[in-house]
Amino acid sequence: MSVKSVGFAIGNLRARENSLLKAGDLNRFSAAKSTDELAKMLIDIGIGATDTADVPRLLSEETEKLWEYVTENAPDMSAFEPFLYENDFHNYNAVLKGIVRGREYGGLLILPATVEISDIERAVKEKRFDLLPEFMRYSAEEAYSVFTKTGDSQLADCIIDAGLMTAQIDKAKKIGNRVILKLITVTVFYNNMKAAL
């Protein structure tokens with residue numbers, strides 16, 4: 001990572017600070033009387049790429065734009081991988097339950113992710129967990145086994161969540177960035193507390 005690329009990324013981000021949401025925006029959003037009104041507020045401040053009253057679509061479009069910005073300007077994309085693992089494991093959970101129960105799951109998937117949806121689908125349909133990256137193979141196979149044999153979706157969720165937290169910590173350690181490791185460690189701690197409660 002060069003100083004120039006880090007400096008560019010910081011300067012670029014500072015230039016965009018005025019376009020970020022403010023506390024007042026969030027307060028206005030929470031006071032919206034309908035989803036149509038919320039959609040209009042979002043469009044008025046430039047969120048989304050289309051003129052639609054579909055709030056999830058607007059937010060999805062904005063997420064895509066944000067991710068595009070990050071990938072173009074971040075000096076080191078590997079720092080984001082432990083955070084994206086959350087989307088990978090969520091997507092696995094959605095695909096697993098959708099395929100096993102014969103239900104539509106496309107609207108539940110979250111992008112960006114590090115694992116292709118088609119790979120997750122093949123892994124579940126063909127019971128070929130070797131198609132998945134190593135960081136999610138064990139928990140994916142265990143969750144599949146528990147869910148298909150017992151139908152216990154909560155236990156499958158716990159297995160997937162445990163796999164996610166292990167993968168995040170392992171990846172953060174490999175990156176070697178103290179800030180990323182601390183963020184992931186705190187996130188995992190709070191997720192563990194939430195699960196325990």
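Computed over heavy atoms, backbone and side chain alike; hydrogens, waters and symmetry mates excluded.
- Side-chain atoms of Asp170 never come within 3.5 Å of backbone atoms of Ala167 as a donor-acceptor pair (strictly under, hydrogens ignored).
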For side-chain contact (heavy atoms from CB on, under 4.5 Å), just list the numbers for Lys97 and Tyr105, CA-CA rounded to whole Å, side-chain angles, deciding distance to a tenth of an Å, and then say yes or no. CA-CA 8 Å; Lys97 291 177 181 175; Tyr105 55 83; over 6 Å; no
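- Within the model, atoms OG of Ser145 and CD1 of Ile159 stand 8.0 Å from one another, a figure rounded to the nearest 0.5 Å.
- Here the side chains of Arg101 and Leu96 are not in contact, with every heavy-atom distance at 4.5 Å or above.
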**Q.** salt bridge (charged side-chain N to carboxylate O under 4.0 Å, His left out) between Asp25 and Arg28, intermediate numbers included
**A.** CA-CA 5 Å; Asp25 294 322; Arg28 282 187 318 113; 3.5 Å; yes
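- Listed for the Asn91 side chain is a donor-acceptor partner under 3.5 Å among the backbone atoms of Ile110.
- Linking Ile, Leu, Val, Met, Phe, Trp and Tyr whenever their side-chain heavy atoms come within less than 4.5 Å leaves Met136 and Ile169 in two separate clusters.
- Taking OG of Ser78 as the reference point, atom CG of Leu84 lies at 11.0 Å (rounded to 0.5 Å).
- Contact annotation: the side chain of Ile45 never approaches that of Met41 to less than 4.5 Å [non-hydrogen atoms, C-beta and beyond].
- Taken from CG in Leu132 to CD in Glu116, the straight-line distance is 12.0 Å, to the nearest 0.5 Å.
- Here the side chain of His90 pairs a donor or acceptor atom with the backbone of Leu108 at under 3.5 angstrom.
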Lys125/Glu121 under salt bridge (charged side-chain N to carboxylate O under 4.0 Å, His left out): CA gap, chis, key distance, verdict: CA-CA 6 Å; Lys125 287 176 183 173; Glu121 290 170 333; 5.2 Å; no
Practice task
Could you walk me through whether Glu64 and Leu111 pass the side-chain contact (heavy atoms from CB on, under 4.5 Å) test, one step at a time?
Solution key: CA-CA 8 Å; Glu64 287 177 26; Leu111 296 174; over 6 Å; no
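- With Thr166 contributing its side chain and Gly163 its backbone, the two residues share no donor-acceptor pair below 3.5 Å.
- When side chains are defined from C-beta on, Ile184 counts as touching Val188, because their heavy atoms get closer than 4.5 Å.
- Note that CD of Gln168 and CZ of Phe83 are 8.0 Å apart. Values are rounded to the nearest 0.5 Å.
- Residues Tyr138 and Phe129 fall into different hydrophobic clusters, defined by Ile, Leu, Val, Met, Phe, Trp and Tyr side chains chained together at heavy-atom separations under 4.5 Å.
- With contacts defined as side-chain heavy-atom distances shorter than 4.5 Å, the pair Asn87/Pro112 qualifies.
- Taking the side chain as every heavy atom from C-beta outward, Phe80 and Ile180 never approach each other to under 4.5 Å.
- More than 12 heavy atoms of other shown residues, nucleotides or ligands fall within 6.0 angstrom of atom CD in Glu126.
- Judged by distance alone, with hydrogens and angles left aside, the side-chain atoms of Asp88 form a donor-acceptor pair with the main-chain N or O of Thr114 at under 3.5 Å.
- A search for salt bridge (charged side-chain N to carboxylate O under 4.0 Å, His left out) contacts involving Glu81 returns Lys171, not counting sequence neighbours.
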Open item on the list: One pair to check against salt bridge (charged side-chain N to carboxylate O under 4.0 Å, His left out): Lys40 and Asp44. What are the steps and the verdict?
Closed with: CA-CA 6 Å; Lys40 183 173 176 359; Asp44 287 348; 3.1 Å; yes
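- A side chain to side chain donor-acceptor pair (under 3.5 Å) with Lys65 is found for exactly one of Glu62, Glu61, Glu68, namely Glu62.
- Glu141 places no side-chain N or O within 3.5 Å of a backbone atom of Ala143 that could act as its donor or acceptor partner.
- Atom-to-atom distance recorded for Glu142:CD and Arg137:CZ is 15.0 Å, nearest 0.5 angstrom.
- In this structure, the side chains of Ser139 and Ile160 stay at 4.5 Å or more apart for every pair of heavy atoms.
- Between Asn93 atom CG and Phe147 atom CZ the span is 8.5 Å, to the nearest 0.5 Å.
- Taking each heavy atom of Ala172 and Pro82 in turn, the nearest pair found is N-CG, 4.2 Å.
- Taking 4.5 Å as the limit, every side-chain heavy atom of Leu181 sits out of range of all side-chain heavy atoms of Ile175.
- Phe135 and Leu131 end up in different hydrophobic clusters when Ile, Leu, Val, Met, Phe, Trp and Tyr side chains are linked at under 4.5 Å.
- The main-chain N or O of Lys33 is found under 3.5 Å from a side-chain atom of Glu37 such that the two form a donor-acceptor pair.
- A donor-acceptor pair is defined here as one N or O able to donate and one able to accept, closer than 3.5 Å; such a pair exists between the side chain of Tyr92 and the backbone of Ala140.
- A donor-acceptor pair is defined here as one N or O able to donate and one able to accept, closer than 3.5 Å; such a pair exists between the side chain of Thr71 and the backbone of Trp67.
- Leu58 and Leu109 sit in two unconnected hydrophobic clusters of ILVMFWY residues. Membership requires side-chain heavy atoms under 4.5 Å apart, directly or through other members.
- Hydrophobic clustering (side-chain heavy atoms under 4.5 Å, transitive across Ile, Leu, Val, Met, Phe, Trp, Tyr) groups Tyr144 together with Leu164.
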